[in-house]
Amino acid sequence: MKASGQKTSGRNQGRSPHIDGKISQLIKSFTLTVLIGLSIMLSPLISASSDTVPLLNVSYDPTRELYQDYNKAFAGYWEAKTHRIVEPRQSHGGSGKQARSVIDGLEADVVTLALAYDIDEIQEKGLIQPGWQKRLPNNSAPYTSTIIFLVRKGNPKEIKDWKDLVKPGVSVITPNPKTSGGARWNYLAAWGYALKENGGDESKAREFVGQLFKNVPVLDSGARGSTTTFVQRGMGDVLLAWENEAYLAINELGKDKFEVVTPSMSILAEPTVAVVDKYVDKHGTREIAEAYLSYLYSDEGQRIVARHYYRPVSKDAATGFKLPELKLFTIEEQFGGWQKAHKTHFVDGGTFDQIYSK
Amino acid sequence: MTNGIKKERVLPGFGPTLGYTVFYLSLIVLIPLSALVIKTTGLTWRAFLAAVASPQVVASYRVTFGSAFIAAMINAVFGTLTAWVLVRYEFPCKRLIDALVDLPFALPTAVTGITLATVYSENGWMGSLLEPLGIKVAYTPLGIIVAMTTIGLPFVVRTLQPVIEAIEAETEEASACLGANRLQTFYRVLLPVMMPSILTGFALAFARAVGEYGSVIFIAGNMPMVSEITSLLIVTKLEQFDYSGATAIALVMLTASFAMLLAINMLQRWSRKYAQ
Amino acid sequence: MTNSQYKRRENLTEPVPVQWILAILAILFLGLFLFLPLAAVFSQALAKGFGPYFEALGNPDALAAIRLTLITAAVSVPLNLVFGLAAAWAITKFDFRGKNLLVTMIDLPFSVSPVISGLIFVLIFGLQGWMGPWLNEHSFKIVFAVPGIILATIFVTFPFVARELIPLMEAQGREEEEAALVLGASGLQTFFRVTLPGIREGLVYGVILCNARAMGEFGAVSVVSGHIRGLTNTLPLHVEILYNEYDFTAAFAVASLLAMLALATLAVKSLTQWKRARRPSIEFEEALVR
């Protein structure tokens with residue numbers, strides 16, 4: 001190693017007069033870049049404004065694959081029916097964050113979110129008409145899902161049901177219920193199980209869920225983050241997950257490494273969908289947005305839903321994609337609805353915060 | 001500052017440059033940030049205190065500011081060393097290494113967080129080496145420090161490099177001619193020149209680490225009271241559609257950082273005057 | 001450098017073993033916090049070979065994201081560059097009251113959590129914000145569209161150039177500029193021929209950092225983007241999408257593209273240094289005399 005020559009001075013290497021020319025050249029090339037950039041930027045907007053109708057579906061995280069498939073099917077159906085071309089666009093993110101974006105001006109034609117609670121928030125700001133949940137069958141939930149377990153191959157810790165999660169030495173992975181919609185379902189599923197097992201004793205349920213979260217070493221901020229922690233980092237013995245997410249994770253990340261365990265009972269999750277009235281009226285897309293959502297209930301729509309491991313509402317569509325039966329309780333019967341569940345458990349100082357403040 | 005009035009301004013352009021600076025600063029930074037203040041004023045005092053001083057939030061301040069301080073210290077020491085080595089020595093691949101210093105800015109913070117978690121988790125390259133020693137990095141408060149160190153790394157190096165490059169050989173030659181050994185030259189001549197930039201770099205790295213979100217959440221473990229950073233609590237407030245609560249916490253963080261940065265800037269100016 | 005040359009300079013540099021130790025320490029530090037993660041990015045990106053790697057980069061959504069990222073950087077970096085020069089000139093060449101306050105305010109965007117940096121623009125331009133209803137009536141879109149992404153990026157990268165230049169210009173003092181003016185140079189001539197050559201290094205560093213951060217910003221942009229695939233996704237957001245689709249190879253392939261941006265800056269920087277080295281320093285005096 002040797003010392004490089006120190007510069008005699010940082011300043012004395014002067015500029016010749018052509019520096020001014022150079023600067024103007026720089027400015028010119030900048031302007032050119034910006035102009036080219038702008039024209040590129042505008043080009044997709046121009047092309048979109050011709051024949052095709054863009055339709056923005058703002059959804060939550062686990063539905064990416066589902067709507068990728070569904071959009072193709074719907075575009076084909078719509079073109080055959082009306083000879084018009086629809087170009088559905090997707091936006092995904094945490095359910096709450098997505099609802100906030102719509103409230104703040106993300107012009108979604110339809111929202112397909114994890115909880116009715118999030119769509120209620122949009123309705124409160126006047127973007128969706130009250131009574132939206134009655135506009136479509138089954139409380140505007142075209143598919144349902146539930147919370148199950150993903151364990152390592154061979155189930156070495158012998159996890160069969162919720163009660164096995166609180167055993168000492170079992171490490172449980174779940175996202176943080178305060179930042180992840182999916183984790184709220186996990187939390188309520190565990191709470192509901194404890195209530196049912198203990199004859200509705202709230203304090204027993206509190207204790208059970210508290211013990212369960214003592215076994216959680218990492219609280220990721222989102223459902224897919226947790227899946228990665230469990231699958232890629234090798235953390236934990238069991239992952240609490242959406243049923244469709246668990247099957248997807250197995251298919252995408254290794255059938256030989258993980259297996260699904262369906263507990264004796266769990267919660268019925270009803271992801272809801274709605275047309276955003278204010279924006280469809282602005283865009284003139286009401287007809288197509290309504291068709292987009294009702295097609296979810298058609299045989300074809302329900303088949304696609306089943307193919308992605310959601311539970312379709314029409315029973316005969318599910319043939320060939322049978323998911324295991326289990327006892328399902330709803331959030332209405334156990335918790336008196338989302339608003340109430342949220343206030344009790346997930347607001348600041350609610351039962352979840354109490355677990356950690358002791 | 002006071003004698004500035006007495007001195008005649010020889011150089012031109014004071015009015016336009018200062019005017020433009022203040023204008024652009026207001027437009028891009030101050031007006032948007034005032035939204036934060038105004039949103040927070042919608043809260044009553046009691047609600048404000050409940051939002052910013054609950055035990056969980058206070059614990060998160062401790063985690064955030066403590067980790068940010070340690071990370072910035074690490075960066076100040078090793079960043080100075082790195083800048084010195086990169087400017088003054090020749091060794092293989094120096095140019096390449098030099099270019100890579102910017103990496104933490106170029107990589108999306110989420111990618112930084114994910115890769116750090118990959119490398120430092122128990123089945124990762126570093127994690128598996130550290131595990132037998134009983135050191136756990138990923139999903140512990142230590143992970144937060146690692147992430148914050150990485151994202152703040154370019155600051156000290158990049159603020160210091162041009163300064164070291166601009167140090168004129170004559171200064172060191174003079175010091176050497178006067179009989180100073182290398183260590184003395186470093187402490188008495190070089191360090192005073194470098195100190196303002198080291199402080200700047202430290203302050204920036206600290207400020208950046210305090211606000212950091214994307215990279216930390218992937219490696220922190222996010223356990224309430226232990227490894228939960230303040231930015232995460234802001235996000236949880238937003239998840240409850242509680243904008244005012246979120247901006248209240250943000251305002252507290254901002255004020256704290258502002259006070260710290262101001263103190264460092266004043267210290268710098270003072271030390272420069274003192275040196276002259 | 002030969003041994004005899006070295007002897008003459010022994011008080012001007014550290015002993016060779018010390019140099020070795022320092023260099024190794026620095027590289028160890030960088031290794032732990034930089035090279036390991038970088039190697040992990042590339043090893044994941046190429047886990048399935050080059051085919052899927054280039055496929056991921058050629059995907060239409062990825063190309064749209066690249067385009068948006070370039071546009072964002074092309075707008076925000078020049079704006080912050082002009083600001084940085086103006087601010088550094090005002091702050092370092094003159095004395096005025098409230099200077100500390102001004103410098104500190106320039107730093108502010110660094111300490112704002114990225115989530116908040118995005119949120120403030122939503123609070124102003126969002127539908128529930130101050131200007132939202134008016135913008136909506138006139139069909140202007142700021143948030144959840146390209147202008148919002150650019151605004152958030154400008155905010156986040158705001159201090160870089162100024163912060164890089166201020167300590168440097170401070171260290172330089174004002175004497176040379178004053179001398180040039182006395183010798184009859186105009187204000188602009190003084191700036192371009194006296195100040196600029198001295199701060200070139202710092203300016204390049206500042207622009208490089210600003211650009212890197214503009215292209216890599218995630219948190220703030222994530223809040224104002226709306227995440228519409230192929231329309232308002234920047235590269236970092238595209239990485240997140242791919243990662244969340246368990247397409248790790250593609251996610252890291254796109255991330256490696258961002259990492260290579262840092263490498264591309266190497267070329268730019270080397271080029272400026274090489275050009276400067278070739279230029280005879282006499283021109284400086286000539287320029288002043290004229």
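Chain A is the first sequence line, chain B the second, and so forth, proteins listed ahead of strands; every chain is numbered from 1. Small disclaimer: the values here were computed from a predicted structure and weren't measured.
Proximity to chain C is absent for every atom of B/I264, based on heavy atoms less than 4.5 angstrom apart. There is no contact between C/A251 and chain B, counting heavy-atom distances below 4.5 Å. Only the side chain of B/T118 comes within contact range of chain C, with at least one heavy atom under 4.5 Å from a heavy atom of that chain. Neither the backbone nor the side chain of B/L86 comes within contact range of chain C; no heavy atom of the residue lies under 4.5 Å from a heavy atom of that chain. The contact between B/Y120 and chain C is made entirely by side chain atoms (from C-beta outward), counting heavy-atom distances below 4.5 Å.
Looking at heavy atoms from C-beta onward, B/V29 lies out of side-chain contact with C/V112 at the 4.5 angstrom threshold. In this structure, the side chains of B/L153 and C/L30 come closer than 4.5 Å at one or more pairs of heavy atoms.
For the set C/L235, C/L237, C/L168, the count of heavy-atom pairs under 4.5 angstrom toward chain B peaks at C/L168. Among the candidates C/I27, C/L32, C/I166, C/V182, the residue making the largest number of heavy-atom pairs closer than 4.5 Å to chain B is C/L32. Residue with the most contacts toward chain B among C/F158, C/W130, C/F191, C/F121: C/F158 (heavy-atom pairs, distance under 4.5 Å).
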Problem set entry | Check against side-chain contact (heavy atoms from CB on, under 4.5 Å), C/F155 and B/L33 | CA-CA 10 Å; C/F155 180 88; B/L33 280 181; 4.2 Å; yes

Exercise. Going through the distances and angles, do C/L22 and B/Y89 end up as a side-chain contact (heavy atoms from CB on, under 4.5 Å)?
Worked result: CA-CA 10 Å; C/L22 292 181; B/Y89 303 160; 3.4 Å; yes

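You'll find the ring centres of C/F96 and B/F14 inside the 6.0 Å limit.
C/L79 meets the side-chain contact (heavy atoms from CB on, under 4.5 Å) test with B/Y24, C/V75, C/I154; sequence neighbours excluded.
Using bins of under 30°, 30° to 60° and over 60° for the plane-to-plane angle, the ring pair B/F155/C/F160 lands in the parallel bin.
Residue pairs meeting the side chain to side chain donor-acceptor pair (under 3.5 Å) criterion with at least one member in residues 104-115 of chain B: none, sequence neighbours excluded.
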